[in-house]
Amino acid sequence: MPTAAISPEVMAKYEPVIGLEVHVQLLTATKAFCGCANHFGSAPNTNICPVCLGLPGALPVLNERAVKFATLASLALNCTVNQRSIFARKNYFYPDLPKGYQISQFDKPLAEHGWIEVPTAEGGTKRIGITRLHMEEDAGKSLHDGFADSATRTYLDLNRCGTPLAEIVSEPEIRTPDEAFEYLTRLKEILLFCEVSDCNMEEGSLRCDANVSVRLRGAEQFGTKAEIKNVNSFRFVRAALEYEIERQVEVLESGGRIVQETRLWNASEGRTYSMRSKEQAHDYRYFPEPDLPPLILTREFLESTEAELPELPEARRARMVADYELAMKDAHTLTATRAYADRFEAAAGTARNPRRVANVLLSEVGGRLNALGLELEQSPVSMAGIVLAADLLDEGKISSRQMKQLFDVCFEKGEDFSAVYEREKPQQITDAGALEKLIDEVLAANPKQVEQYKAGKKTMAGFFVGQVMRATKGQANPALLNELVTRKLEA
Ligand code: ADP
Ligand code: ZN
Ligand code: MG
């Protein structure tokens, strides 16, 4: 266990090797092999039937929607989809698995040979291979806490039995905890854009097991790996990997050897604990599921699924940067979810200047929503309101300061922008004579800055515009003011 931190020089001798196994629940209305509702949060043991309980004689029937979602995910992850795949029984004994086996896929999975592109620390990108994506079913849940007699009893909720899952296994090509974090972030984003899972880690609809080993840099052979389970956020995956890498290096440096084992992450202690060693590992006795025929995907099915693929996050961001002249950072914010990106793009398309819509959305609305902990759906200001603000700004009918004040009112009173604008119709000074008088005063009060402008520092014009804006409490017509300031300075 890492006690005294190992020196960076010693750490640098070793190279971590990481592979991730991710389970995602597919967002189908019903379960994988029966008609029971696939719904989180129902009263315990209400969404169950003879099939998902594995009662004698009950037969599974494959849910086509689950195949559709798993295939969509496979294509989005650049996998080759096998037109023929095989379901298999993975046998083990556990109270939350009433059938005594899990229907999964083994040597003939749905899809193989995919990849995800992740950004690297050096500012480039790197492809992490995806070994396979296969379909399987979830098990039920053992409830160890929360009952008066929890000290002596475990309760079972079998609602989750038979929930369709996709398991996505990466190649051991991840080299740092940060890369693992990026891989998971990209994977989740892609699955969300495909709308095949809600990827909610708290509710268990996305779960990650992290495999990690270390080897001396330059060595070809992998070291012995540990598999870390029970990690319920991407941050914890990174923290657990950091801990585990250091633990393994310390074991090796002190002359020990790594044993292949499963370890549990303990978030409150920030460390991993051994759960079982390889000797105690299950022998799953896989064999083809006799109650399900091979899964054959027709050409029509594959083509229609391909046609349903949405524009994926990376491509969408690149296009938005080009279409709207956005910074990549802003494109990331606008594509936080597919719904957010859709709403932005639908609105931007109706505006005089789409880029301004992005600016207003991000700086005025996004900032205020963040501060209040609200989502865009909960915003008092509609997208139409944001477009109106952007257009008014673009036409010079309001100054940015006036816009800010109007948005303040919107969020104070919970009103949309158009309502507040109509009521308050901010005053604008469009009287050139009045503005010129103010400009003269500002120029007279700031001779040094005038000198700088005359010496070639043209950006000083903004300083004078700002001063006059302040003097008018933001009421000067921005276009007119700009023009007059420049004219005076050039005179
Ligand atoms: P197992 O048979 O123990 O389940 P697999 O070969 O199926 O192991 O691999 C499971 C995961 O572990 C994959 O994501 C794979 O990339 C990763 N993995 C395999 N070997 C290593 C290793 N030596 N170090 C780190 N990760 C590994
Ligand atoms: Zn059922
Ligand atoms: Mg495996």
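For ligands, and for the atoms within them, numbers begin at 1 and follow the listed sequence. All residue numbers refer to positions in the sequence shown, counting from 1.
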Problem set entry | Proximal ligand 1 atoms for Phe222, defined as those under 4.0 Å from one of its heavy atoms | 23 (N)
Problem set entry | Ligand-side contact atoms (ligand 1) for residue partner Val169, heavy atom cut-off under 4.0 Å | 13 (C), 14 (O)
For this session: May I ask you to check whether over 12 heavy atoms, not counting those of Glu377, lie within 6.0 Å of atom CD?
Result: yes
Exercise. Which bit of Glu173 gets closer than 4.0 Å to ligand 1, counting heavy atoms only: side chain, backbone, both or neither?
Worked result: neither
Exercise. Hey, does Phe234 have a side-chain heavy atom less than 4.5 Å from the side chain of Arg238?
Worked result: no
Problem set entry | Polar atom proximity, Thr224 to ligand 1 (N or O, under 3.5 Å) | no
Exercise. Where the closest heavy atom to atom 8 (O) of ligand 1 is concerned, which of Gln260, Glu227, Arg215, Lys225 has it?
Worked result: Lys225
Problem set entry | Sub-3.5 Å N/O-N/O distance, Glu21 and ligand 1 | no
Exercise. What are the atoms of ligand 1, with element, lying closer than 4.0 Å to any heavy atom of Val17?
Worked result: 24 (N), 25 (C)
For this session: Look at the side chain of Arg207 and the backbone N and O of Lys229, then say whether any donor-acceptor pair between them is shorter than 3.5 Å.
Result: no
For this session: Determine, for Tyr101 and Lys99, whether the Lys NZ or Arg CZ falls below 6.0 Å from the six-membered ring centre while staying within 45 degrees of the axis.
Result: yes
For this session: Out of Ala210, Ser170, Gly129, indicate the one that has the non-hydrogen atom closest to atom 13 (C) of ligand 1.
Result: Ser170
